[in-house]
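Okay, so here's the structure we're looking at.
These values consider heavy atoms only, across backbone and side chains, with no hydrogens, waters or symmetry-generated copies. Everything quoted here is computed from the prediction, not taken from an experiment.
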Amino acid sequence: MLAAAGLLLAVVACQKEAETPANDFTALPLVAPAPANNAGSPEKIALGRALFWDPVLSGGKDVSCASCHHPANGYADAIDLSIGENGQGLGTSRHFRTPNNIPFVKRNSPTVLNAAFNGLNAAGGIDPATAPMFWDLRTQSLEAQSLLPVASLEEMRGHQYAEGVALDSVVARLRRIPAYAAMFSAAFSEATPITATNIGKAIACFERTLVATDSRFDQYLRGNQAALSTQEIAGLNAFVASGCAKCHSGPMLSDYQLHTLGVADNGKNAATDAGPNGNYAFRTPSLRNVALTAPYMHSGTLNTLAAVLDFYDPGRGNGTPNPHVSAGQRDPLFPGRVNNKQAIIDFLGTLTASTYDRTVPTAVPSGLPVGGNIR
């Protein structure tokens, strides 16, 4: 790790335009920490896995967390905007069934792989209870994040019940399933263990097992200099020199901040998406396993990593792909140029880990199709 940091320090010294300190790149921990009020256990993890794959959480009993976060797609869904409720199929073959009155999910589905490390800084500090989630940072922690799709019309709720009673409706369903009654009792000590809070806790415990920490970049940062090729090291250097690391920094290659970039809206949305503050700013995504999770950006409008690098490169004139955002409104950290794009793409490939849980259960406690209508 010291050798890797030394190489990067030399790069930064020689290329003054790279402003991110070299030690902002650190390997991931091997285990994701849990908040004090939700320590993991085998029983919670087993329950969370069942809930993650069980479409009983959705209004129409047809979509699960795994429908849009499937291991076959790097725990994302491989399409620009997710199709949740009333969807059929998996990945690029997923489509709405007819008739349909459900909109697309508003934004591209981020991977949940390594989401348990959101908020991790270069010093190794992380508070899992305040971990930033979603493109708009609208909630914190895996516990809170896991419950919001259940109440979202286009993600999992549908028209079966109102938003305000969605979680209560799902709780009532689960209480009628003997297998879930037994699993919740084993996982939680309360007299009435099947609650919305405990649903979120169980799914979060499972998601903390969905970590991928053996990428070649991690190996390199841990001291294995042979883990990266000469071309990939050149890509790392170009990544820093081009300014990508100003926002894509730290162990997760994200600063978790909102930035205005001028990314194009997705035409599948009925209205423009101005983000949480109305200035078209969205959170910097992690680049961990990025080669597995195309298409890219919050709107899913860039299909390849080459297209992403072209977006950041100069020579686009005075505008941006989004007519609502001028070049002058872009975040000051927006790169001025991108050097050696192919080498950067090769470097980004080293962020892909090979060892993580890809298990698909053979059955779920509700007896519904595993994962929902994904076949």
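- The nearest pair of heavy atoms linking K341 to L309 is O-CD1, 3.5 Å.
- G372 and S64 get closest at one heavy-atom pair: N-OG, 4.3 Å.
- Using a 4.5 Å cut-off on side-chain heavy atoms (C-beta onward), T192 and R175 make contact.
- Listed here is the closest heavy atom pair of T320 and G262: OG1-O, 3.5 Å.
- For the pair L292/T111, no side-chain contact is recorded, criterion being any heavy-atom separation below 4.5 Å from C-beta on.
- A centroid separation of less than 6.0 Å is found between the aromatic rings of H70 and W53.
- Taking the six-membered ring where the residue is Trp, H298 and F282 present parallel rings, their angle staying beneath 30° rather than reaching 60°.
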Practice prompt. Please assess L147 against T139 for the test side chain to side chain contact (heavy atoms under 4.5 Å, CB included), listing each intermediate value before the final yes or no.
Written response: CA-CA 10 Å; L147 292 176; T139 195; over 6 Å; no
Worksheet item: Passes side chain to side chain contact (heavy atoms under 4.5 Å, CB included), S254 versus T284? Steps please.
Response: CA-CA 6 Å; S254 172; T284 305; 3.8 Å; yes
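- In this structure, Y280 and H324 have parallel ring planes: the angle between them is below the 30° cut-off, well short of the 60° mark.
- In this structure, the separation between CZ on F239 and CG on L351 is 7.5 Å, given to the nearest 0.5 Å.
- D218 meets the side-chain hydrogen bond (donor to acceptor under 3.5 Å, both in side chains) test with S215, R288; sequence neighbours excluded.
- Here the closest heavy-atom approach between residue C205 and residue A39 is recorded as SG-O, 4.1 Å.
- By the 4.5 Å heavy-atom criterion applied to side chains, P276 and L137 are not counted as neighbours.
- What you find for L368 and P55 is that their closest heavy atoms are CB-CG, 3.6 Å.
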Worksheet item: Where do R283 and N118 land on the side chain to side chain contact (heavy atoms under 4.5 Å, CB included) test, with the steps shown first?
Response: CA-CA 12 Å; R283 193 194 81 175; N118 280 2; 3.4 Å; yes
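- Of all the heavy atoms in A291 and T352, the pair that sits closest is CB-OG1, 3.7 Å.
- Annotation: side chain of S299 is not in contact with side chain of D265 (no heavy-atom distance under 4.5 Å).
- At a cut-off of 3.5 Å, with distance as the only test, a side-chain donor of E190 or N198 sits close to an acceptor on the other residue.
- R358 forms a cation-pi arrangement with Y356, by the criterion of a distance under 6.0 Å to the ring centre and an angle within 45° of the ring axis.
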Practice prompt. Please assess F206 against V112 for the test side chain to side chain contact (heavy atoms under 4.5 Å, CB included), listing each intermediate value before the final yes or no.
Written response: CA-CA 11 Å; F206 168 62; V112 297; over 6 Å; no
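- Between the side chain of N38 and the backbone N or O of K201, at least one donor-acceptor pair lies under 3.5 Å.
- In this structure, N289 and Y75 have side chains that are not in contact, with every pair of non-hydrogen atoms separated by 4.5 Å or more.
- Between the N322 side chain and the L261 main chain, no donor and acceptor come within less than 3.5 Å of each other.
- Considering only heavy atoms from C-beta on, F184 comes within 4.5 Å of L51 through its side chain.
- The pair R94-D77 does not count as a salt bridge, with every side-chain nitrogen at least 4.0 angstrom from each carboxylate oxygen.
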